[in-house]
Amino acid sequence: MSREERKLYESFFKKVVIEHIREARLEKGWTQAKLAEEIDVSHEFIRSLESLKGKNSFSAFTVWRIAKALDVDLNTLLDFDMNAFRKTVEKAMKKNNYS
C-alpha cells in the first residue's frame, strides 16, 4: 500500500471513528458539552472533533477516555471496514494520478 493510499484510508478511518463517537454520545443522550465535561476537555474540542471541517486529529488516549465516559467498548468506536472504502480510495488514487 502506498503512502497516498494509507493517507486516504486514515482519513476515512478518522471520519468513521468520529461518527461512531457522535452516535454513541447521542445514544447516551449527552450533549457535546456533557461529553467534554466528562473527559475534561473543552466543549470547543468536542464540537470541533465532530465537525466535518474541524479537528481531524486525536490521540488514542482521548478515544479511550471517550469510550470509558460513554460506557461503550473501544472496539465500537474503532470499528472500520477498509473494504467499504476500497472503491472510493481507488477512484481517488486514479483521479490524483497516484496509481
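This one's a predicted model, so the numbers in the text were calculated from it and none came from an experiment.
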#### Entry: Flag, side chain of Arg22 to backbone of Glu50, donor-acceptor distance under 3.5 Å
no
### Query
More than 12 heavy atoms of other residues, nucleotides or ligands under 6.0 Å from CG of Asp81: is that the case?
yes
### Message
Tyr9: which residues meet the ring-ring contact (aromatic ring centres under 6.0 Å, His included) condition with it, sequence neighbours left out?
### Response
none
### Task
Kindly compute the distance separating CZ (Arg6) from OG (Ser11), expressed to the nearest 0.5 Å.
14.5 Å
### Task
Check the hydrophobic clustering (I, L, V, M, F, W, Y; side-chain heavy atoms under 4.5 Å; chains of links allowed) and say if Val16 and Leu26 are grouped together.
no
### Message
Distance check, rounded to the nearest 0.5 Å: Ile66 atom CD1 versus Ile46 atom CD1?
### Response
4.5 Å
### Task
Check whether any side-chain heavy atom of Met93 lies under 4.5 Å from a side-chain heavy atom of Glu90, and answer yes or no.
no
### Message
Could you measure the distance from the NZ atom of Lys7 to the OG atom of Ser2? Nearest 0.5 Å is fine.
### Response
9.5 Å
### Query
Once you round to the nearest 0.5 Å, how far does CG of Leu8 lie from CZ of Arg86?
12.5 Å
### Task
Determine the interplanar angle of the Phe12 and Phe85 rings, folded into 0 to 90°, and report it as parallel if under 30°, tilted if 30 to 60°, perpendicular if over 60°.
parallel
### Summary
By side chain to side chain contact (heavy atoms under 4.5 Å, CB included), Ala67 pairs with (sequence neighbours left out) Val72, Leu74, Leu77
### Message
Using every non-hydrogen atom in the two residues, find where Glu5 and Val89 come nearest and quote the distance to one decimal.
### Response
CG-CG1, 3.7 Å
#### Entry: Intermediate values then yes/no, side-chain contact (heavy atoms from CB on, under 4.5 Å), Leu35 and Ile21
CA-CA 10 Å; Leu35 178 56; Ile21 289 169; 4.2 Å; yes
### Query
Measuring from Thr31:OG1 to His43:NE2, what's the distance to the nearest 0.5 Å?
6.5 Å
### Message
Nearest 0.5 Å, please: how far is CD in Glu37 from OG in Ser42?
### Response
12.5 Å
## Note on the structure
Those residues at least two apart in sequence (or on a different chain) that pass side-chain hydrogen bond (donor to acceptor under 3.5 Å, both in side chains) with Asp79 are none
### Query
Should the heavy atoms of other residues, nucleotides or ligands under 6.0 Å from NZ of Lys34 be counted, would the total exceed 12?
yes
### Task
Kindly indicate, with the supporting measurements, whether the criterion side-chain contact (heavy atoms from CB on, under 4.5 Å) is fulfilled by Val17 and Phe80.
CA-CA 8 Å; Val17 170; Phe80 180 72; over 6 Å; no
### Query
For the residue pair Glu38 and Ala69, what are the closest heavy atoms and their distance?
CB-CB, 4.1 Å
### Query
So, the side chain of His20 versus the backbone of Leu78: is there a donor-acceptor pair under 3.5 Å, distance only?
no
### Message
I want to know whether Phe58 and Phe45 have ring centres closer than 6.0 Å.
### Response
no
### Lys14 side chain near Glu10 side chain, heavy-atom distance below 4.5 Å
yes
#### Entry: Ser59 side chain to Thr62 side chain, donor-acceptor N/O pair below 3.5 angstrom
yes
